[in-house]
Amino acid sequence: MSSSRRGLLFIVSAPSGTGKTTLVERLVQVVPNLKMSRSYTSRPARAGEQDGVDYNFISRDRFDAMARDGAFLEWAAVFGHCYGTSAADTDALLAAGHDVVLVIDVQGARQVRSRGIETVGIFVLPPSAEILEQRLRGRSKDSEDQIRRRLDVACREVHEFSQYEYLVINDDLESAVGRMAAIVEAERARVKVMRRDAEEIIETFNVPGSRAQASGKV
Ligand code: 5GP
């Protein structure tokens, strides 16, 4: 079926260390026609990160200019750096019929919702605070001070889960990816999303001489 519908916009948020980026990177590998949006950030690239792949790394001045020009669908300061989603990049993907996932923090998600844009929000929780702390320590890319800050922010962010349509607990990567894939498929199967495809099929039932008409069932 060739659907020419505009893409759906998914938002994934989770406290830092929950593994949301890994989850979504895996999700877009297993679900066709789902693209992960690439954010702009003023934070310097970490070892192993690539410009134009992990993020579009830009200077703080350029970030501020883009924000001033209204180039961002949403943007926020997170842990001392600025992050934003390009409105034009997102619109181009959606207009081409791709479903898009924004992996953004809770402040950004609130901004997108407040613009009245239709979104499907998925909140990811770690199995417990203790496990989140173990994961943050285990990835050993942060100082003790940064780990404490991330945990403090997590304590506030977890309460935002009820603003989202779906909740996924990241207890095991593959099963969490499976649940997210099921959410995407369920959203794609909604009647309001499938309406055009359905109408094309229903059209074939109304063609004179069609099997349904010939059998006298209409
Ligand atoms: P990190 O520096 O660890 O890659 O990301 C830090 C935080 O920034 C994460 O919670 C991530 O979801 C959030 N983030 C990444 N890109 C964006 C964005 O474009 N907008 C917003 N609001 N948050 C973002």
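Scope of the values below: all heavy atoms of this structure, side chains included, with no hydrogens, waters or symmetry mates. For ligands, and for the atoms within them, numbers begin at 1 and follow the listed sequence.
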request  = Please state which part of K20 comes within less than 4.0 Å of ligand 1, counting heavy atoms only: side chain, backbone, both or neither.
outcome  = side chain
message = Does any N or O of ligand 1 fall below 3.5 Å from an N or O anywhere on E49, backbone included?
response = no
query = Taking atom CD of E144 as the centre, does the number of heavy atoms from other residues, nucleotides or ligands within less than 6.0 Å exceed 12?
reply = yes
message = Could you check whether atom CZ of F57 has more than 12 heavy atoms from other residues, nucleotides or ligands sitting under 6.0 Å from it?
response = yes
message = If the cut-off is 4.0 Å to any non-hydrogen atom of G84, which atoms of ligand 1 fall inside it?
response = 18 (C), 19 (O)
ask   = Quick check: does D105 get an N/O under 3.5 Å from an N/O on ligand 1?
value = yes
message = Check this for me: does any side-chain nitrogen of one of D99 and R5 sit under 4.0 Å from a carboxylate oxygen of the other?
response = yes
ask   = Should the heavy atoms of other residues, nucleotides or ligands under 6.0 Å from CZ of R195 be counted, would the total exceed 12?
value = no
task = Could you list which atoms of ligand 1 come closer than 4.0 Å to a heavy atom of A76?
result = 22 (N)
Contact partition for Y55 relative to ligand 1, non-hydrogen atoms under 4.0 Å = side chain
message = Could you check whether any heavy atom of S16 sits closer than 4.0 Å to an atom of ligand 1, since that is the contact criterion I want to use?
response = no
query = Considering residues, nucleotides and ligands other than E199, do more than 12 of their heavy atoms fall under 6.0 Å from its CD?
reply = yes
message = Restricting to non-hydrogen atoms, name the atom on M36 and the atom on T21 that form the minimum distance, rounded to 0.1 Å.
response = CE-CG2, 3.9 Å
query = Which is it for R46 and ligand 1 at heavy atoms under 4.0 Å: side chain, backbone, both or neither?
reply = side chain
task = Enumerate the atoms of ligand 1 whose separation from the nearest heavy atom of G108 is less than 4.0 angstrom.
result = 22 (N)
request  = Kindly determine whether Y164 and S13 satisfy side chain to side chain donor-acceptor pair (under 3.5 Å), including the steps that lead there.
outcome  = CA-CA 9 Å; Y164 292 68; S13 303; 2.7 Å; yes
Minimum-distance protein heavy atom relative to atom 7 (C) of ligand 1 = V78 CG1, 3.6 Å
Shortest protein heavy-atom distance from atom 16 (N) of ligand 1, along with the residue and atom involved = S39 OG, 3.2 Å
ask   = For ligand 1, which atoms sit closer than 4.0 Å to a heavy atom of T85?
value = 19 (O)
Proximity of Y55 and Y83 rings by center, below 6.0 Å = yes
ask   = Measuring from the heavy atoms of E74, does anything fall under 4.0 Å of ligand 1?
value = yes
key: Result of checking R148, R137, R150 against D142 for side chain to side chain donor-acceptor pair (under 3.5 Å)   = R150
message = Counting non-hydrogen protein atoms only, what is the nearest one to atom 17 (C) of ligand 1? Give residue, atom name and distance.
response = Y83 CB, 3.4 Å
